[in-house]
Number of protein chains: 2
Amino acid sequence: MPRRKSETAAAARGRPRAYDAEAALKQATETFWRTGYSGTPLDKIAAATGMSPPSLYAAFGNKHALYLEALARYWEMTQAATREALAGDRPLAEALMLAYEAAMSFYFSRKGSARGCFVIGTAVAEAVEDAEIRKSVAGGLRMLDADFEARLRTARERGELKQDADPAALAVLASATMHTIAIRARAGARLPELREIARKATSVICGCPVEAD
Amino acid sequence: MPRRKSETAAAARGRPRAYDAEAALKQATETFWRTGYSGTPLDKIAAATGMSPPSLYAAFGNKHALYLEALARYWEMTQAATREALAGDRPLAEALMLAYEAAMSFYFSRKGSARGCFVIGTAVAEAVEDAEIRKSVAGGLRMLDADFEARLRTARERGELKQDADPAALAVLASATMHTIAIRARAGARLPELREIARKATSVICGCPVEAD
DNA sequence: TTATATTTATAGCAATCGTTATAAAAAACA
DNA sequence: TGTTTTTTATAACGATTGCTATAAATATAA
């Protein structure tokens with residue numbers, strides 16, 4: 001069972017590959033995103049990527065492996081965006097709002113239609129019965145928790161929070177705010193409503209009013 | 001297309017029904033809960049309820065209608081449990097913790113295995129493409145938001161919160177805490193961890209430490 | 001009894017599921 | 001030019017999908 005061949009090979013021997021695995025993975029992700037893992041037949045993936053089923057299997061193994069790869073990529077994107085938002089010398093409230101804005105920019109597609117969070121919308125459903133998906137979800141949640149907590153700990157050191165503030169407790173709420181936004185986006189909430197939720201949550205977490213952008 | 005027949009009929013005419021529609025709905029809910037809507041074939045529902053497919057269709061219409069009914073019942077249970085927790089003269093922190101405890105008692109089955117929230121775990125996945133499910137999810141979320149906000153407004157009136165506290169903002173966090181617990185339960189988090197999350201969140205929302213139970 | 005009404009169990013429908021066998025197509029190597 | 005290697009497209013595999021036609025089973029009513 002050969003998986004994807006070396007991608008950096010200079011000159012392969014046989015018929016050249018007609019697809020771009022990277023682009024195909026993105027298209028597959030978009031498709032799973034809308035209709036979920038169980039709800040997405042493989043021929044929809046084939047149609048979306050323009051790949052034939054055999055090529056799909058040669059490139060990614062099977063449906064499950066393809067989904068796991070999409071999920072892993074999504075977590076990478078999420079963590080990168082979150083860390084970038086929380087990094088630097090921005091004030092705490094600004095950093096949190098930036099993290100939520102980054103997430104929301106994922107939750108609404110180019111066309112503006114809401115699809116919510118890929119993890120909350122597709123992976124969480126499978127997590128109970130699928131140990132690999134569950135592990136990925138749990139790990140991703142832990143990463144986000146840790147990033148928020150680190151930023152809040154820094155905030156207390158910098159004097160942005162009162163000295164008796166509990167960074168771990170505030171991190172729970174920072175994560176929870178991300179999660180509630182993710183859920184609501186999938187349930188059809190509009191962007192302004194979500195922004196308002198982010199603003200209110202941030203103001204409580206930071207202990208200071210956050211002006212509307 | 002006849003749906004369920006009059007349930008209170010004194011003496012029906014033909015062969016007596018061999019199933020209890022109420023019990024069957026519960027069994028169906030349990031099954032959907034684990035494997036989701038798209039991931040649960042109808043014959044698993046048939047096996048779980050002990051009903052034959054034709055009886056299932058006579059009683060509930062079709063798979064989609066059966067799921068919608070299960071979802072509606074779940075929301076009723078959730079709201080009833082939440083309102084009972086938030087009602088009465090309990091201190092705010094106690095009321096919130098009771099609401100979270102009630103939710104968590106749903107998220108762990110009798111056998112102790114985690115299955116998380118029925119809505120977050122199964123309905124949210126379908127909500128993007130299914131307008132009826134989306135409507136139910138959005139409505140349920142609004143109900144919970146309203147119940148939390150009402151309780152927090154009362155808390156401020158009672159002097160449990162500072163006069164400049166923002167009940168709407170705190171309600172966002174109270175709902176968000178429920179949501180993050182629901183997600184984490186589905187991702188395999190254990191009960192003590194979730195209790196600690198509820199405790200930390202409640203302490204920030206109420207502005208006072210909440211002792212471990 | 002017989003007729004009527006309703007539910008049951010069995011079996012099967014066409015459609016779709018994830019996956020793969022097969023062979024033609026397109027490249028490098030000899 | 002062939003030979004070899006890899007990917008392609010087509011088609012199909014058995015299993016499963018949501019759903020239903022059919023007829024036997026079981027009740028009341030005449």
Side-chain angles (χ1 to χ4, degrees), chain A residues 1-25 28 31-32 35-70 122 125-126 129-130 132-133, chain B residues 1-24 28 31-32 35-70 122 126 129-130 132-133:
Chain A
M1 306 131 186
R3 271 194 38 79
R4 198 176 328 161
K5 305 303 153 26
S6 63
E7 299 182 25
T8 51
R13 187 87 137 68
R15 177 171 174 173
R17 208 171 283 128
Y19 59 87
D20 174 1
E22 210 62 34
L25 182 54
T31 311
F32 279 132
T35 45
Y37 176 71
S38 297
T40 304
L42 211 73
D43 64 1
K44 300 285 180 189
I45 304 280
T49 57
M51 293 168 69
S52 65
S55 295
L56 230 28
Y57 277 83
F60 300 107
N62 59 16
K63 184 187 175 185
H64 192 253
L66 170 57
Y67 178 81
L68 281 178
E69 195 151 337
T122 73
E126 314 294 330
E129 298 285 314
D130 188 313
E132 293 183 282
I133 294 180
Chain B
M1 299 126 193
R3 273 195 36 83
R4 199 178 324 163
K5 305 303 151 25
S6 63
E7 298 183 26
T8 52
R13 188 89 135 68
R15 176 171 174 173
R17 209 171 282 127
Y19 59 86
D20 174 1
E22 210 60 35
T31 311
F32 280 132
T35 44
Y37 176 72
S38 297
T40 305
L42 212 73
D43 64 0
K44 300 285 179 188
I45 304 281
T49 57
M51 293 168 68
S52 65
S55 296
L56 229 30
Y57 278 83
F60 300 108
N62 59 19
K63 184 188 176 186
H64 192 253
L66 169 57
Y67 178 80
L68 281 178
E69 195 151 336
T122 74
E126 315 293 330
E129 298 284 313
D130 188 313
E132 294 183 281
I133 295 180

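First the proteins, then the strands, lettered A, B, ... as listed; each starts at 1. Computed from a predicted model, the values in this text were never measured in an experiment. In what follows, every heavy atom counts, from backbone to side chain, and hydrogens, waters and symmetry copies are set aside.
- Taking the six-membered ring where tryptophan is involved, the planes of Y37(A) and Y67(A) are tilted, since the angle between them lies from 30° to 60°.
- When the C1' atom of dT7(D) is taken as reference, atom OH of Y57(A) falls 17 Å away, rounded to whole Å.
- A donor-acceptor pair is defined here as one N or O able to donate and one able to accept, closer than 3.5 Å; no such pair exists between the side chain of K44(B) and the backbone of G39(B).
- Between P53(B) and K44(A), the one whose closest nucleotide on DNA chain C sits nearer the 5' end is P53(B).
- Atoms CG (D43(A)) and C1' (dA9(D)) sit 15 Å apart, rounded to a whole Å.
- Nearest nucleotide to the side chain of P41(B), out of dT8(C), dG18(D), dT10(D): dG18(D).
- A sub-4.0 Å separation between OP1 or OP2 of dT8(C) and a side-chain N or O of R15(B) is absent.
- Each of P16(A) and T40(B) was assigned the nucleotide of DNA chain D with the nearest heavy atom; the assignment lying further toward the 5' end belongs to P16(A).
- Taking atom CZ on R17(B) and atom P on dA9(C), their separation rounds to 13 Å, with Å as the unit.
- Put simply, NZ on K63(B) is 12 Å from C1' on dT16(D), counting in whole angstrom units.
- Rounded to whole angstrom, the span from the CZ atom of F60(A) across to the C1' atom of dT19(C) amounts to 16 Å.
- Among the nucleotides dC29(C), dT8(C), dT4(C), the one closest to the side chain of Y19(B) is dT8(C).
- Contact of the L56(A) side chain with the Y19(A) side chain is not registered, since no non-hydrogen atoms from C-beta on lie closer than 4.5 Å.
- A donor and an acceptor atom never sit less than 3.5 Å apart when one is taken from the side chain of R13(A) and the other from the base of dT5(D).
- Residue L42(B) is classed as a sugar-phosphate contact, given heavy-atom separations below 4.0 Å to backbone atoms only.
- For the OP1/OP2 pair of dA9(C) and a distance below 4.0 Å, the side-chain nitrogens and oxygens of S52(B) include at least one atom meeting the criterion.
- The closest side-chain heavy-atom distance from L66(A) to L25(A) is below 4.5 Å.
- Atom CD1 in I45(B) sits roughly 11 Å away from atom P in dT17(D) (whole-Å rounding).
- Taking each heavy atom of A21(A) and F60(A) in turn, the nearest pair found is O-CZ, 3.7 Å.
- For dT8(C), the OP1/OP2 oxygens have a side-chain nitrogen or oxygen of S55(B) closer than 4.0 Å.
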